[in-house]
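What follows is a set of notes on a single structure, which appears directly below.
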Protein chains: 2
Amino acid sequence: MAEAPGSLVWSLPEPPGGQQPNLSRDRIVRAALKIADAEGAPAATMRRVATALGSSTPMSLYRYVGSKDGLVDLMLDAACGEVSTPAPSGDWRADLRALALANWDMMQRHQWFAELVHTRPPLGPNALRLTDYGLGALSFLDPATAMTYLGMVNSLTIGTALQLAEELKMRRRVGLPTDDDLRAAVKPIHDEIVATGRYPNYNRWAADGGRFHNAAGFPLMLDILLDGLAARMP
Amino acid sequence: MAEAPGSLVWSLPEPPGGQQPNLSRDRIVRAALKIADAEGAPAATMRRVATALGSSTPMSLYRYVGSKDGLVDLMLDAACGEVSTPAPSGDWRADLRALALANWDMMQRHQWFAELVHTRPPLGPNALRLTDYGLGALSFLDPATAMTYLGMVNSLTIGTALQLAEELKMRRRVGLPTDDDLRAAVKPIHDEIVATGRYPNYNRWAADGGRFHNAAGFPLMLDILLDGLAARMP
DNA sequence: TACAGTGAGTGTACGTTGTACACGCGTCGG
DNA sequence: CCGACGCGTGTACAACGTACACTCACTGTA
């Protein structure tokens, strides 16, 4: 899992198998995405991916992805590759909004993304393309400020996606229940908390249904943040 | 690592050792915090904590914390316990701002917090106290909206802390270099990216020093977000 | 004083993870 | 025809979380 600083996957080029290889970066990453999409990030182990590709041993993958971290890097960047960056419109707010919404959509398709993206800096070509696009929309600011503002938008997007991912994880832990099943599973914990009576505001929220805006409300949250940014623009 | 849904640490009370125990939840959590503070979250393994307490086997801890997840829960909540919640002032913005800044200070002391908090919902007594306080500041809103806004503030705080924690992790991977050493270590990667010339805005940022506002700039970012929230208040 | 009971900590063992290393098979260039 | 090299396999190891059975030492009761 450890890795020398200069040895990111992007440094070592894909070994472009001269003879007929059964494997390739693309096939490996695709298989890993499929597993992670279906069963969550921790299910995408080296062994699991290898067997999904017909290889009897995880070691086959190491020629192509270098390490587990390398595979994760490639997975993250592949997901970023699904986010398109249309031509800049000249309206920073519209461009940033579109970028965030596209990112959000991608994270809904790949619920593991938000969990994994924190493990290392986003230096893949697609991640860089997105960062570059975001910085370009804010290029009238000094670079450090532009990066700061872009980071705020990303924090909001990833943070909100994480809350949803956590709910999904809990759901997986319980089984695969419906919304009502889930509520029933979490109820004893909440009830115990409510019973103490020590958290009146939390209780009020729980009594209200324990809901917060997430999927549906993300555009609204994004607009609120953009309002705050707009007020600071020169 | 798996856990039945109803068996959070908070459910099973601390076994209040009738006879003289060498161990206790408090001592265990305190030792784990110390290790995590000094060497990062992954260093705080069960074995490591056990030996730090003089126990020859990790199994000693299981009576007190139930599982590794239980220990993490307790660590997170202990960290939350360091954040104080003064009497509400009646000014939602001042209260929320103070809460976020206190949270931020805590996350600077415990850089592992932001990494670990995503692994499970914050249901410890101290985390609930903080959530309750934040909801109280926004109690003039309907509960779901209040939770949404509070979540935005927390996303920003944790997300920003995560960026710093990631830099720290990279620093640890390289050794324990100074700021200049770090810049030198990351330079080859950045140079390779810059050399492609494909990311002009990113390059401009890198040429500018590759900086973004984090520790120093967090209050500013927080104010921007609060501006956006204020514009939506009834 | 004797004895059962309980509670604290130990030791051993298992399954799973990532991955290092050495080996066999195949195809190609000389 | 034959060595070299690309490609995948098999075996093995350390570290992780943790289940299970166990040994002490102390305590309350008879």
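- Residue B:Y64 has a polar side-chain atom (N or O) positioned under 4.0 Å from OP1 or OP2 of C:dG9.
- More than 12 non-hydrogen atoms from other residues, nucleotides or ligands lie less than 6.0 angstrom from CZ of A:R109.
- For the pair A:R25 CZ and D:dC7 C1', the computed distance is 16 Å after rounding to whole Å.
- When rounded to the nearest whole Å, the span between CD1 of B:I28 and P of C:dA8 equals 11 Å.
- Taken to the nearest 0.5 Å, the NZ atom of B:K169 stands 8.5 Å off from the CZ atom of A:R120.
- Ring geometry, B:Y199 versus B:Y202: the interplanar angle exceeds 60°, so the pair is classed perpendicular (tilted spans 30 to 60°).
- No side-chain donor from either of A:N201 and A:R204 sits under 3.5 Å from a side-chain acceptor of the other.
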Hey, what are the protein-to-nucleotides 9-13 of chain D N/O distances that come in under 3.5 Å?
{"residue": "D:dT9", "atom": "OP2", "partner": "A:S55", "partner atom": "OG", "Å": "3.2"}
{"residue": "D:dT9", "atom": "OP2", "partner": "A:S60", "partner atom": "OG", "Å": "2.8"}
{"residue": "D:dG10", "atom": "OP2", "partner": "A:S56", "partner atom": "OG", "Å": "2.7"}

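- Among the candidates B:R47, B:K68, B:R48, the single residue satisfying the side chain to side chain contact (heavy atoms under 4.5 Å, CB included) test with B:P58 is B:R47.
- Between the CE atom of B:M46 and the C1' atom of C:dG11 there is a distance of 16 Å, rounded to whole Å.
- Across C:dT19, D:dG17, C:dG18, the shortest atom-to-atom separation from the side chain of B:Y62 is found for D:dG17.
- Nucleotide D:dC16 holds its C1' atom 13 Å from the CG atom of B:D69, rounded to whole Å.
- To the nearest 0.5 angstrom, A:E82 atom CD is 9.5 Å from A:N126 atom CG.
- In this structure, the NZ atom of A:K68 is 14 Å from the P atom of C:dA20, given to the nearest Å.
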